[in-house]
Amino acid sequence: MDATRMSEQTGQQPWPMKPDGFPAPAPIPDSPPMPPPQPITFDDLQATATAALDRIQTAAESVGAISVRESSEDGNVTVDVNGKGELVGLWLDDAAMTQSGSELGALIVATASAAVAKAFATVGDVIAGLNDQNAGADSAGSD
């Protein structure tokens with residue numbers, strides 16, 4: 001979509017325009033960006049990349065180790081799921097066999113869904129921890 005049609009539809013210009021129809025120039029910074037206080041070497045880059053890779057691998061191993069067991073309120077269904085949300089275990093109490101197929105199926109799905117929600121919350125915690133570590137590494141490297 002061109003700028004004229006966009007401005008006709010929204011009533012707004014997609015960018016500031018000068019009266020001659022050309023966009024306004026980009027602002028010029030007050031001072032040029034400064035180089036880092038110490039030169040960055042290839043070894044520095046390699047160490048930073050290796051540390052980041054180690055953090056990612058540790059997080060991936062943590063996610064791979066996640067296992068959540070959840071039971072239905074009545075205790076008739078128990079499921080295990082992994083960090084990917086895959087069903088890896090299912091146990092049915094003898095009392096579960098007295099339920100109709102549709103009732104039992106709904107109970108299995110509800111129990112598995114609750115387990116997956118807990119597993120994904122744990123995965124979210126792992127990812128948040130990785131993000132915190134990466135942010136800490138970035139700020140430590142910029143000092």
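No hydrogens, no waters, no symmetry mates; every other heavy atom, side chains included, goes into these values.
The nearest pair of heavy atoms linking Thr78 to Ser71 is OG1-OG, 2.8 Å. The two atoms that bring Ile40 and Asp44 nearest to each other are CA-OD2, 3.8 Å, heavy atoms only. Closest approach of Trp91 and Asp80 over heavy atoms only: CH2-OD2, 3.1 Å. Counting all heavy atoms, side chain and backbone alike, Glu70 lies closest to Thr111 at O-CG2, 3.5 Å. Nearest heavy-atom pair, Ala112 versus Val81, reported as atom, atom and distance to 0.1 Å: O-CG1, 4.4 Å. Scanning both residues, Gly75 and Asp93, for their nearest heavy atoms gives O-CB, 3.9 Å.
Within 6.0 Å of the CG atom in Asp94, the count of heavy atoms belonging to other residues, nucleotides or ligands does not exceed 12. In Gln38, the CD atom is not crowded: 12 or fewer heavy atoms of neighbouring residues, nucleotides or ligands sit closer than 6.0 Å.
Val68 and Val88 are members of different hydrophobic clusters when ILVMFWY side chains are connected at heavy-atom separations under 4.5 Å. Hydrophobic clustering (ILVMFWY, side-chain heavy atoms < 4.5 Å, transitive): Leu53 and Val126 are in distinct clusters. When hydrophobic clusters are built by joining Ile, Leu, Val, Met, Phe, Trp and Tyr residues whose side-chain heavy atoms come closer than 4.5 Å, directly or via intermediates, Val63 is grouped together with Leu87.
One finds the CD atom of Glu73 at 9.5 Å from the CG atom of Leu107 (value rounded to the nearest 0.5 Å). Interatomic distance, Ile127 CD1 to Ile56 CD1, rounded to the nearest 0.5 Å: 9.5 Å. To the nearest 0.5 angstrom, Thr122 atom OG1 is 12.0 Å from Asn82 atom CG. A distance of 11.5 Å separates OG1 of Thr50 from CD of Gln57, quoted to the nearest 0.5 Å.
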Audit row: Asp74, Gln99, side-chain contact (heavy atoms from CB on, under 4.5 Å) steps and yes/no: CA-CA 12 Å; Asp74 60 10; Gln99 296 176 306; 4.1 Å; yes
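Leu130 is not listed as a side-chain neighbour of Thr58, based on a closest heavy-atom distance of 4.5 Å or more. Considering only heavy atoms from C-beta on, Ile108 comes within 4.5 Å of Leu92 through its side chain. Looking only at side-chain heavy atoms (C-beta outward), Ile66 and Ser62 stay at 4.5 Å or farther from each other.
Side-chain atoms of Ser72 come within 3.5 Å of backbone N or O of Val77 as a donor-acceptor pair.
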